[in-house]
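Input: a single structure, listed below in structure tokens.
Letters go in sequence order (proteins before strands), and every chain restarts at 1.
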There are 2 protein chains.
Amino acid sequence: MPVDVSAVSNLPIFAGLDAESCERVLWESHSSQVAQGKAVFQQGVEVFSIYLLLRGHVRVSRITESGDQVIVRLVSGGGIFGAAHAMGVATHPVSATAVEDSVVLSWPATAWGALSARFPLLAANTLKAIGEKLQEAQNRVVEMSTEHVDQRLARTLLRLADRSGCRTDDGVAINFPLTRRDIAEMTGSTIFTVSRRLSSWEERGWIDGSRQRVVLKHPQALRAIVADVRAPRS
Amino acid sequence: MPVDVSAVSNLPIFAGLDAESCERVLWESHSSQVAQGKAVFQQGVEVFSIYLLLRGHVRVSRITESGDQVIVRLVSGGGIFGAAHAMGVATHPVSATAVEDSVVLSWPATAWGALSARFPLLAANTLKAIGEKLQEAQNRVVEMSTEHVDQRLARTLLRLADRSGCRTDDGVAINFPLTRRDIAEMTGSTIFTVSRRLSSWEERGWIDGSRQRVVLKHPQALRAIVADVRAPRS
DNA sequence: CGATCGATTGAGCCCTCTCAAGAGAGGTGG
DNA sequence: CCACCTCTCTTGAGAGGGCTCAATCGATCG
């Protein structure tokens with residue numbers, strides 16, 4: 001395999017594994033390039049593999065029966081996704097699409113099962129990764145239940161900047177193509193409301209927005225929006 | 001321990017374990033009664049144990065910094081909760097409270113770790129349980145993003161009836177005390193809106209509501225509300 | 001240079017929240 | 001057994017946040 005052990009051995013999913021075990025695990029993996037806009041897998045299809053994102057960004061989304069699309073998660077470098085098999089699910093409940101040119105490692109589900117049995121640390125790390133995703137999802141439920149669009153929006157931008165931010169002269173730039181539609185689907189809002197809020201923040205000099213790009217010029221201001229405690233609900 | 005193996009061996013978390021292993025696992029557990037309204041553990045405190053609900057119902061909730069309470073999950077018989085340790089979290093991100101008199105098994109976190117290592121099936125079942133919770137949480141994110149209060153409300157009632165329903169002459173009764181406030185905190189709404197909708201449904205003969213009780217007389221009508229596809233967003 | 005996709009902006013409305021007031025239900029103590 | 005208190009639930013009136021729909025503009029690409 002063309003993937004160097006040293007390039008991945010320090011990822012959370014391999015934490016604690018020695019180089020040899022790591023290599024053994026990589027041995028069974030398959031590396032592939034995914035062009036921008038291409039799907040890694042589609043919602044509803046049978047689960048064949050488990051995936052690790054090496055480079056790029058992948059959008060994990062679900063389409064509802066009514067045709068609404070919701071972004072469940074945005075995976076950045078080092079993250080695992082499509083781990084439905086490890087959780088005992090037979091068909092993917094979501095789709096995964098590259099939002100920019102990406103590099104993905106994949107393991108056949110069966111091989112991953114065997115590897116997990118052979119390297120308990122791998123199983124533990126998988127559990128931990130899934131646990132983190134659970135935390136994240138529960139946080140989002142709480143946010144969706146209690147916060148206003150402004151707050152969810154600011155929170156989402158800060159989160160993205162934190163994970164995939166890139167320092168520039170102006171502030172922190174979000175590092176990959178991100179449409180207003182993406183943002184809307186991550187916050188449970190609409191492109192119209194998102195556009196309006198971002199425009200308003202841009203007027204105040206807090207952010208810089210352009211086609212598929214957002215730069216946070218004044219993160220403190222966004223943090224203040226998140227913290228803005230209005231009257232609690234009922 | 002006063003807990004009979006046969007009473008728990010068929011729970012999902014013990015799936016595949018033979019009676020002997022099962023007994024070995026139970027050996028390290030501690031059984032306790034929790035009176036209605038009493039907390040099993042509190043948000044923010046250190047994680048000492050992992051819990052399995054034997055009888056009753058437990059409300060898993062989080063209080064936000066702004067003072068809003070959100071019900072993350074309602075655990076019914078056979079469910080595990082407070083499994084933060086297995087996911088590598090040091091302090092409980094939520095509180096767990098008995099909504100009726102309940103019986104709970106608990107394992108010290110360290111003991112559970114050792115047992116998981118010794119019985120791989122136990123670890124696998126734990127992963128599966130957490131995976132299901134992740135699915136559930138992601139579903140809720142999607143619902144909160146795309147559905148109206150009516151739909152979330154109907155869905156929640158159907159789900160509760162499905163899990164903890166009790167056939168009666170009139171229909172399916174939800175089997176434990178459930179206040180309008182609980183429902184509001186499960187759906188991301190307010191007691192006022194919940195009360196209004198339930199009143200309206202009661203007028204139409206679809207449900208029967210009284211103090212802390214709901215009976216579904218016409219589940220089909222609720223299912224129709226859930227399926228009601230209006231114009232998709234954006 | 002046309003076509004397509006993304007972003008912006010305005011007008012209007014509706015769903016849901018907020019606030020206020022009161023009615024039942026149940027529990028407790030005298 | 002009644003009075004009282006607390007907790008739950010109901011209902012009304014009103015306001016507003018965010019959605020819907022429509023139209024336009026700008027950018028990118030073949």
message: Strictly below 4.0 Å: does A:S189 bring a side-chain N or O up to OP1 or OP2 of D:dC19?
response: yes
field: Side chain of A:S199 (C-beta onward), nearest among C:dT8, D:dG17, C:dG6
entry: C:dT8
- prompt: Checking only heavy atoms, does the side chain of B:R197 share a donor-acceptor pair with the base of D:dT10 at less than 3.5 Å?
  reply: no
field: B:T190, nearest nucleotide to its side chain (from C:dT18, C:dC15, C:dA7)
entry: C:dT18
message: For a 4.5 angstrom cut-off between non-hydrogen side-chain atoms, does B:L160 reach B:T156?
response: yes
message: The side chain of A:R211 is closest to which nucleotide in this list: D:dC19, C:dT9, D:dT28?
response: D:dT28
task: Quickly work out the A:I207 CD1 to C:dA7 P distance and round it to whole Å.
output: 12 Å
- line: Separation of C:dT9 atom C1' from A:E203 atom CD, nearest Å, is 11 Å
message: Name the residue from B:R155, B:R140, B:R152 that meets the salt bridge (Lys or Arg N to Asp or Glu O under 4.0 Å) definition with B:E147.
response: B:R155
field: Any pair counted as side chain to side chain donor-acceptor pair (under 3.5 Å), so long as it reaches residues 203-224 of chain A, sequence neighbours left out
entry: A:S200-A:R204
- prompt: Expressed in angstrom and rounded to an integer, what is the separation of B:I191 atom CD1 from C:dC17 atom P?
  reply: 11 Å
message: I want to check one thing: is the phosphate of C:dG6, taken as OP1 and OP2, less than 4.0 Å away from some side-chain N or O of A:R180?
response: no
message: From CG of A:L153 over to P of D:dG17, roughly how many Å is that when rounded to an integer?
response: 16 Å
- prompt: When we call it a touch if two heavy atoms are under 4.0 Å apart, what does B:S195 touch: a base, just sugar-phosphate, or nothing?
  reply: base
Under 3.5 Å donor-acceptor pair, A:R181 side-chain atoms to C:dT8 base atoms: no
field: Candidate nucleotides C:dC17, D:dT11, C:dT9, ranked by approach to the side chain of B:F192 - the nearest
entry: D:dT11
- line: Rounded to whole Å, NE2 of A:H148 lies from P of D:dG16 at a distance of 13 Å
- request: Can you tell me the distance, in whole Å, between the CG atom of B:L198 and the P atom of D:dT10?
  value: 7 Å
message: Quick check on A:R159: does its CZ atom have over 12 non-hydrogen neighbours (other residues, nucleotides or ligands) under 6.0 Å away?
response: yes
message: Whole angstroms only, please: what is the CD-P distance between A:E147 and D:dG18?
response: 11 Å
message: Under 4.0 Å from OP1 or OP2 of C:dC17: is there any side-chain N or O of B:T193 that close?
response: yes
- prompt: Taking the six-membered ring for Trp, are B:F81 and B:F41 parallel (under 30°), tilted (30 to 60°) or perpendicular (over 60°)?
  reply: parallel
message: Which is more 5' along DNA chain C, the nucleotide nearest A:R213 or the one nearest A:R196? Just name the residue.
response: A:R213
message: Could you tell me how far apart B:Q212 (CD) and C:dG24 (P) are, to the nearest whole angstrom?
response: 19 Å
